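Just so it is clear, the structure is predicted and the values come from calculations on it, not from any experiment. Naming convention: chains lettered A, B, ... in sequence-line order (proteins, then strands); numbering from 1 in each chain.
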There are 2 protein chains.
Amino acid sequence: MIPGTPKPGRVNDVIGAVTRHIRHKDLMPGDRLPSEAALSKELSVSRPVVREALRSLAAMRIIELNTGRRATVAQIDHGPLSLLLEHGLNTEQINVQQIYDVRRTIEGRIVALAALRRTDEEAEAILGHARAMRGAEADPPRIMEHDLAFHAAIARASRNPVFALIVGAFEGITRQTWAIGWRSRVSEDARQTMLDTHLAMAEAIEAGDPVEAARLMALHFDESTRALLDAGLA
Amino acid sequence: MIPGTPKPGRVNDVIGAVTRHIRHKDLMPGDRLPSEAALSKELSVSRPVVREALRSLAAMRIIELNTGRRATVAQIDHGPLSLLLEHGLNTEQINVQQIYDVRRTIEGRIVALAALRRTDEEAEAILGHARAMRGAEADPPRIMEHDLAFHAAIARASRNPVFALIVGAFEGITRQTWAIGWRSRVSEDARQTMLDTHLAMAEAIEAGDPVEAARLMALHFDESTRALLDAGLA
DNA sequence: TGCAAGAACCTGTCAGACAGGATGCCGCGA
DNA sequence: TCGCGGCATCCTGTCTGACAGGTTCTTGCA
């Protein structure tokens, strides 16, 4: 089977025409696309068909729709991947453990890159989140927010938008499972260990030590995976 | 800004309602959704609105649309991620080198998992593709197809659909850049090395040696990245 | 020359309609 | 009783026309 064979239908024709238009005219994020009426006329299809095509592209974050304004080329964003993964989880096509394996793999590389490429401001921000996690000990939701921001900041510091995209896509799922992991760390000791690991990682990034940073990230995920397994998730 | 705040509009309302419907009723891939007319009536919106919402979900491969039949819950698929990455590449938001770094990271882990988890049939299939690559030496497009199938088969053998999803998403881009890498390997020696590495990797998977398999995968990507850089891509 | 009001443009949503594919039921025949 | 074919029904794909409300551009006035 040739994968490049698109389904028939006028809507898919329009989707193809618009993507070709973007590529052919070398449009950049923010550039405006033709109006619905113009596309409708040019491609000899009705406006509802054009609208469905534009909605499809908007769903994938290839374009952005704005009421009253014309559609514009969009910046890549983890939104669609995020929803896709949540769907996979809801329909039991994937499980949390598999996601954690992917995160462990990717974030291990990310944190090494971040240790090498981070600016001083980024190192400071990452440290700030690690410290804030420890400072919010009695407030789990706040710890989680700083935890998520910690990982997102590291992804950005890796200077690779593809990594940042993937990490961002996992954020929604993490929001749904974070509390489970936290609660399964029953002892005060286990909770301190997790906070300490984050702080040590931030310090390794600041020190520019990719090996140590990657080691701590792997440690963190091993420990997190175990915590989720203890809680009966799999 | 709270990321969970969806844009207003009836279409987005319907998208939310349908996703909730899937989750709440514990629908599995293949299960049928309510008809457009039913949704239209239940949510008090017009049918075009319902259609745009369903198209959006179909674009993300959360549901599948079939003419004449009702929409069904879909299996997760790399389609949307694939298009998103191609868009990012076209609009210069990401570059090929960054993608190769991600692939190197992920596929290094995948191949180690595959070495541990592969069935005998899978090991045989992977070996088959590696051998076919060598056998098709004079026919670059055929080498490429077996190369892609080689990586896809390894991803499947890793028994983690999330890994398979990501690897699959890179396939389209690889199709666009593979020939550049091949042509940049001007010497017969360099081409042989690439084919040999694949074969050795397949053997390591068959032997159940994750460390060696991962080492060869890293080697392969280092070499590929260098080939692309030599060709002036970045 | 600068600005503000209005015209022109554009998207969001609705109603109604018809063609064609898919499904399922029901009755007929073996 | 069981199998099968045909027809009624359901459902999607597409079109036309219309109107409200937000945005952008232009023109004319100060």
Side-chain angles (χ1 to χ4, degrees), chain A residues 5-19 21-22 25 27-75 77 79-80, chain B residues 5-19 21-22 25 27-75 77 79-80:
Chain A
T5 311
K7 282 200 177 183
R10 294 182 219 267
V11 174
N12 294 77
D13 293 346
V14 177
I15 291 176
V18 172
T19 54
H21 181 269
I22 292 174
K25 294 237 168 161
L27 296 188
M28 291 293 128
D31 290 348
R32 291 191 304 179
L33 271 63
S35 73
E36 292 177 0
L39 287 170
S40 167
K41 191 178 160 195
E42 187 179 342
L43 303 171
S44 305
V45 294
S46 66
R47 198 156 77 91
V49 168
V50 172
R51 283 187 60 79
E52 286 183 26
L54 294 180
R55 277 281 180 195
S56 290
L57 292 168
M60 292 183 285
R61 297 296 173 92
I62 287 175
I63 67 172
E64 197 168 333
L65 298 178
N66 313 285
T67 84
R69 280 203 303 280
R70 286 200 236 162
T72 54
V73 176
Q75 291 202 297
D77 177 271
Chain B
T5 312
K7 281 199 176 183
R10 294 180 219 266
V11 174
N12 294 77
D13 293 345
V14 176
I15 291 176
V18 172
T19 54
H21 181 269
I22 293 174
K25 295 239 169 160
L27 297 187
M28 290 294 129
D31 289 349
R32 290 190 306 178
L33 272 64
S35 72
E36 293 177 1
L39 287 170
S40 167
K41 191 179 161 194
E42 186 179 341
L43 302 171
S44 306
V45 294
S46 67
R47 197 154 78 90
V49 168
V50 172
R51 284 187 59 79
E52 286 183 27
L54 294 181
R55 277 279 181 198
S56 291
L57 291 168
M60 292 183 287
R61 299 293 174 95
I62 288 175
I63 67 172
E64 196 168 335
L65 299 178
N66 314 286
T67 83
R69 281 202 304 278
R70 284 200 234 162
T72 55
V73 176
Q75 290 201 297
D77 176 272

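Looking at residues two or more places apart in sequence or on another chain, you find a side chain to side chain contact (heavy atoms under 4.5 Å, CB included) between Arg32(A) and Arg70(A), Thr72(A). In this structure Pro48(A) satisfies the side chain to side chain contact (heavy atoms under 4.5 Å, CB included) test together with Ser46(A), sequence neighbours excluded. Residues meeting the side chain to side chain contact (heavy atoms under 4.5 Å, CB included) test with Glu42(B), sequence neighbours left out: none. Considering only residues two or more places apart in sequence or on other chains, Glu36(A) meets the side chain to side chain donor-acceptor pair (under 3.5 Å) condition with Arg47(A), Arg51(A). When the side chain to side chain contact (heavy atoms under 4.5 Å, CB included) test is applied to Ala74(A), the partners found at least two apart in sequence or on another chain are Glu64(A). With sequence neighbours excluded, the residues that form a side chain to side chain donor-acceptor pair (under 3.5 Å) with Arg61(A) are Asp77(A).
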Check residues 8-19 of chain A and write down every donor-acceptor pair under 3.5 Å in which the side-chain atom is one partner and the other belongs to a residue at least two apart or another chain.
| from | atom 1 | to | atom 2 | distance (Å) |
| --- | --- | --- | --- | --- |
| Thr19(A) | OG1 | Ile15(A) | O | 3.1 |
| Thr19(A) | OG1 | Gly16(A) | O | 2.8 |

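In 5' to 3' order, the nucleotides of DNA chain C bounding all contacts with chain A (an atom under 4.0 Å from a heavy atom) are dC10(C) to dT13(C).
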Between protein and nucleotides 10-24 of chain D, map the contacts as a letter string: B base, S sugar-phosphate only, - none, heavy atoms under 4.0 Å, written 5' to 3'.
-> -SBBBBB-B----SS

